[in-house]
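One structure is given below, encoded as structure tokens.
Naming: A, B, ... by sequence-line order, numbering from 1 per chain. Nothing here was measured: the structure is a model prediction, and the numbers come from that model.
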Amino acid sequence: MAEEVVLLDFWASMFGMRTRIALEEKRVTYDYRAEDLWNKSSLLLEMNPVHKKIPVLIHNGKPVCESLIQIEYIDETWPDKNSLLPSDPYKRAHAKFWADFIDKKVNVTARRIWAAKGEEQEAAKEFIEILKTLESELGDKKYFGDETFGYVDIALIGFYSWFGVYEKFGNISIESECSKLIAWAKRCLDRESVAKTLPESEKVATFVSDCRKKLGLE
Amino acid sequence: MATDDVKLIGSWASVFVMRARIALHLKSISYEFLQETFGSKSELLLKSNPVHKKMPVLIHADKPVCESNIIVQYIDEAWTSSGPSILPSHPYDRAIARFWAAYIDDQWFISLRSILTAQGEEEKNAAIAQVEERTEILEKAFIDCSKGKPFFNGDHIGYLDIALGSFLGWWRVVELDANHKFLDETKAPSLAKWAERFCDDPAVKPIMPEITKLAEFARKLFPKPQA
């Protein structure tokens, strides 16, 4: 049977970016279907009835939901090119810990900077602390995975396209607080999979402005 | 340094610690169980998990592994030749098991906990309704995953059984506290039978705490406001 890979996604989602980067790293051909989050397709609702969220990876008709789970699935299904997770069990557990940390902390706090009125300053301060913890974990390594771009890098890099938004509404400079992390992000952007996937900051800024209007914040 | 030197920092009452213990038992791994004192955190815990400062922490040959589901996967991968596989072998089945384990932690557990922390009848009833709804979803997930076999993982307990099954003691405590049965033959017949089988499993039975002991601990952890 011919391989059929479909991705239901939204261009600005840092979670969808993870899956796209993983698929690009593995050179998997896939059919990208853009969703309108204010008018979700019946396919999305059918493939992810529990959460009704993107990204949804559909492989030969079978859905895989949740971006980190998708990265692992992609790594296991197409093992030949560019391993995304280390093979050593301890290093794998370590990578999963940090990806889990990113999922638990980064978006929840970042969202409060631009989507919740009156919480910007506090959220921005917390956000910088979270980034500093990640920067400390990165240390002097080229990537979170050391020499190899992988799981943790993929889990975090999408947020870089949103940094301009957090800086604007949080009144912070991520470059001055976390310069090593910015340098890491630029190294990631040298990779084709990342450069192809991450949207322009200006486009994200316009999108956020529209969201804020819809939320009654502007 | 003994490469099989295994320690587990935890507590007899913790659901998340239980996951790690069940996995270790399944793989017949001997370990030193370092129990934390209720109300304080040991220096070893704080040193081994400086980011979250939470249990369980598995320390294998002096290297710490944190987060219960990550620990269970680590145990499966580090001791592949011991005992049965904890995760399914096919990547798609693994993705489904991981999806439901994440749902249990992120959605189902939060609503279960809300019953114990609810202030007043209205909040409690809303939490109960939410658990009912989410349990129904898990009942369907069980039917899909088990494909007619006794456990989520098939013939023997695995990752998803452990993820949900570790809650069974606390779930019973919540049922008693709320005076409401969730795991009932009419509402969740497959899960109700699965629960009995899970608790009877030799890797689980010695670890599952007694309900009365757990209920007493719950009263300490979630004191009722004075009337």
Side-chain angles (χ1 to χ4, degrees), chain A residues 5 15 19 22 26 47-53 55-79 84-105 107-108 129-130 132-134 136-137 151-152, chain B residues 3 6 20 23 27 48-52 54 56-81 86-108 133-134 136-138 140-141 144 159-160:
Chain A
V5 183
F15 304 103
T19 314
K26 297 287 190 175
M47 291 285 137
N48 191 358
V50 175
H51 301 302
K52 305 175 175 54
K53 285 181 173 180
V56 180
L57 180 73
I58 311 172
H59 185 203
N60 294 332
K62 300 205 291 191
V64 179
C65 305
E66 297 298 298
S67 58
L68 290 181
I69 295 175
Q70 288 160 358
I71 303 174
E72 221 172 334
Y73 176 78
I74 289 164
D75 201 34
E76 292 172 3
T77 304
W78 292 280
L84 304 176
L85 273 139
S87 50
D88 172 72
Y90 184 76
K91 290 181 177 162
R92 287 171 77 81
H94 192 81
K96 285 178 185 180
F97 174 85
W98 284 104
D100 177 71
F101 174 85
I102 290 162
D103 260 11
K104 280 186 165 85
K105 304 276 187 183
N107 193 47
V108 168
E129 285 312 306
I130 291 164
K132 283 189 163 150
T133 303
L134 286 164
S136 169
E137 166 55 24
Y151 192 68
V152 182
Chain B
T3 50
V6 183
K27 296 286 194 180
S48 312
N49 190 359
V51 175
H52 299 305
K54 285 183 175 177
V57 181
L58 181 80
I59 307 177
H60 183 202
D62 295 328
K63 297 200 287 195
V65 183
C66 308
E67 293 300 301
S68 63
N69 285 337
I70 294 174
I71 292 172
V72 172
Q73 291 182 75
Y74 173 78
I75 290 167
D76 198 30
E77 291 168 10
W79 286 279
T80 27
S81 45
I86 298 177
L87 264 100
S89 49
H90 194 277
Y92 188 74
D93 297 329
R94 292 155 78 85
I96 296 299
R98 287 173 177 140
F99 173 85
W100 286 114
Y103 176 81
I104 286 159
D105 279 3
D106 299 340
Q107 309 273 328
W108 181 86
E133 200 184 294
R134 290 174 178 179
E136 206 184 304
I137 291 173
L138 290 177
K140 289 198 191 88
D144 288 340
Y159 183 70
L160 190 48

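A salt bridge does not link Lys105(A) with Glu129(A): none of the charged nitrogens is closer than 4.0 Å to a carboxylate oxygen.
For Asp93(B), no part sits under 4.5 Å from any heavy atom of chain A, backbone or side chain. Contacts of Pro63(A) with chain B are made by both backbone and side-chain atoms, with heavy-atom separations under 4.5 Å. Residue contact with chain A, scored on non-hydrogen atoms closer than 4.5 Å, is absent for Ile71(B). For His52(B), the part sitting under 4.5 Å from any heavy atom of chain A is the side chain, from C-beta outward, and nothing else.
In this model, a donor atom of one side chain and an acceptor atom of the other lie less than 3.5 Å apart for Gln73(B) and Arg98(B).
Taking the six-membered ring where the residue is Trp, Tyr73(A) and His59(A) present perpendicular rings, their angle passing 60° and hence far from 30°. In this structure, Trp100(B) and Tyr103(B) have perpendicular ring planes: the angle between them is above 60°, well past the 30° mark.
Counting heavy atoms from C-beta on, the side chains of Asp75(A) and Tyr151(A) never come closer than 4.5 Å.
Counting heavy-atom pairs under 4.5 Å between each of Glu76(A), Gln70(A), Lys104(A), Glu66(A) and chain B puts Glu76(A) at the top.
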